[in-house]
K.L.:
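What follows is a single structure, and I will ask about it in a moment.
The residues of the chain are indexed from 1 along the displayed sequence.
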Amino acid sequence: MEISARLHDIGKFGIPEKILFSESALRKAERDFVASHTLVGAEILAKSEIPQVRIAEEIARCHHEWWDGSGYPRGLKGLAIPRSARIVALADVFDTMTHGRPYAKAIPIEAALDEIASLRGRQFDPELTDHFLALVRRLAAENPDLDAFLGKAARNSPFLKTRARIKEMLAQGRDSAALSEYPPAPGSPLN
């Protein structure tokens, strides 16, 4: 789930930065274009047979569906929304609210939790919302700097450790190529 969830917005690669990072209100056509990232992301991920990527496809497609059926892209309602997407929707909205975006300033954790609670049963699965609110409030009570705590946990994730190892291997390949009198041709394996 952790690895799959990280790919939920992969479809935003197709959205021009001018629109994605706009500080002003978007026109309807621009909002529709941004909304298409769910379908674009799902299409990117749809070709895989890897279970984590299949879950990522489901999350990418459905993380903007609302419990009451007013979300997008398909207007799914309630339990028709995959559980993985319902979970990611909570985390994604919380992250957006507490870290801000070009179009909205960050708000305090408790204000974000109050806003999420107000959307219980409308945007979010009521049962998952209750669990999410209890978990985040407990973590915030146990960790005075919740952001630092969550950041540390994220840095220890297998996903980021693997990404760091790949980066290290690529750097080693570049270094050995630089020392070689005849560097390998582009596209040759790094060994």
Side-chain angles (χ1 to χ4, degrees), residues 1-17 19-22 25-104 106-107 109-139 150 153-154 157-159:
M1 178 77 177
E2 176 192 355
I3 293 168
S4 300
R6 290 177 184 274
L7 299 173
H8 76 279
D9 274 341
I10 194 169
K12 286 186 177 177
F13 283 131
I15 310 295
E17 288 183 7
I19 295 173
L20 204 53
F21 298 118
S22 174
L26 297 176
R27 296 183 307 254
K28 182 183 179 332
E30 292 170 325
R31 285 193 313 272
D32 291 345
F33 194 50
V34 171
S36 73
H37 83 277
T38 57
L39 297 173
V40 171
E43 183 63 27
I44 290 169
L45 299 166
K47 307 294 186 242
S48 178
E49 294 301 321
I50 300 169
Q52 294 88 342
V53 178
R54 298 306 301 224
I55 294 168
E57 173 195 353
E58 162 181 285
I59 293 168
R61 184 181 313 279
C62 299
H63 71 281
H64 284 289
E65 299 286 0
W66 282 33
W67 186 256
D68 68 4
S70 65
Y72 62 86
R74 296 185 288 177
L76 297 179
K77 183 176 183 177
L79 297 176
I81 305 165
R83 183 176 178 87
S84 58
R86 289 181 273 142
I87 292 168
V88 171
L90 283 159
D92 187 38
V93 168
F94 178 74
D95 178 64
T96 298
M97 284 193 236
T98 57
H99 291 96
R101 296 296 184 262
Y103 51 85
I107 62 174
I109 289 170
E110 199 54 45
L113 295 176
D114 289 345
E115 179 67 20
I116 288 170
S118 78
L119 295 168
R120 180 189 184 275
R122 194 168 114 219
Q123 182 174 357
F124 304 115
D125 175 327
E127 182 182 348
L128 290 177
T129 301
D130 293 344
H131 290 301
F132 180 82
L133 296 171
L135 173 65
V136 174
R137 286 189 169 118
R138 180 178 60 80
L139 289 173
L150 294 174
S157 79
F159 177 82

K.L.:
When you look at Tyr103 and Leu26, which way does the side-chain contact (heavy atoms from CB on, under 4.5 Å) test go after all the steps?
P.N.:
CA-CA 10 Å; Tyr103 51 85; Leu26 297 176; over 6 Å; no
K.L.:
Treating Arg54 as the side-chain partner and Glu49 as the backbone partner, does any N or O pair qualify as donor plus acceptor under 3.5 Å?
P.N.:
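Checked: no pair found.
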K.L.:
Mind listing the side-chain donor-acceptor pairs of residues 82-89 below 3.5 Å, one per line with the distance, residues two or more places apart or on another chain?
P.N.:
unit_1	atom_1	unit_2	atom_2	d
Ser84	OG	Glu58	OE2	2.6
Arg86	NE	Ile81	O	2.8
Arg86	NH1	Asp125	OD2	2.4
Arg86	NH2	Ile81	O	3.4

K.L.:
Mark yes or no for whether Glu65, through its side chain, and Cys62, through its backbone, hold a donor-acceptor pair below 3.5 Å.
P.N.:
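No, because the side chain of Glu65 does not come within donor-acceptor range (under 3.5 Å) of the backbone of Cys62.
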K.L.:
Could you check Thr98 against Phe94 for side-chain contact (heavy atoms from CB on, under 4.5 Å), going step by step and ending with a plain yes or no?
P.N.:
CA-CA 6 Å; Thr98 57; Phe94 178 74; 3.7 Å; yes
K.L.:
Let me confirm one number: the CG-CD1 distance from Leu128 to Ile116, rounded to the nearest 0.5 Å.
P.N.:
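These two atoms lie 12.0 Å from each other.
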K.L.:
For atom CD1 of Ile50, is the number of surrounding heavy atoms from other residues, nucleotides or ligands below 6.0 Å larger than 12?
P.N.:
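At most 12 heavy atoms, drawn from other residues, nucleotides or ligands, come within 6.0 Å of this atom.
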K.L.:
Output yes when Asp130 and Arg137 qualify as a salt bridge under the 4.0 Å nitrogen-oxygen rule, no when they do not.
P.N.:
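Arg137 and Asp130: not salt-bridged.
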K.L.:
Quick check: does any side chain N or O of His99 sit under 3.5 Å from a backbone N or O of Thr96, one acting as donor and the other as acceptor?
P.N.:
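Side chain of His99 to backbone of Thr96: no pair is present.
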K.L.:
Could you grab the distance from atom CZ of Arg61 to atom CG of Leu39, nearest 0.5 Å is fine?
P.N.:
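Result: 6.5 Å between the selected atoms.
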K.L.:
Over 60° means perpendicular and under 30° means parallel, so tell me whether Tyr72 and His64 are parallel, tilted or perpendicular.
P.N.:
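Correct class here is parallel.
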K.L.:
Kindly write out the residues that satisfy side chain to side chain donor-acceptor pair (under 3.5 Å) with Ser118, not counting sequence neighbours, or none if the list is empty.
P.N.:
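Applying side chain to side chain donor-acceptor pair (under 3.5 Å) to Ser118 gives none.
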K.L.:
Would you call Asp32 and Arg27 a salt bridge, using N to O less than 4.0 angstrom?
P.N.:
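No, this pair does not count.
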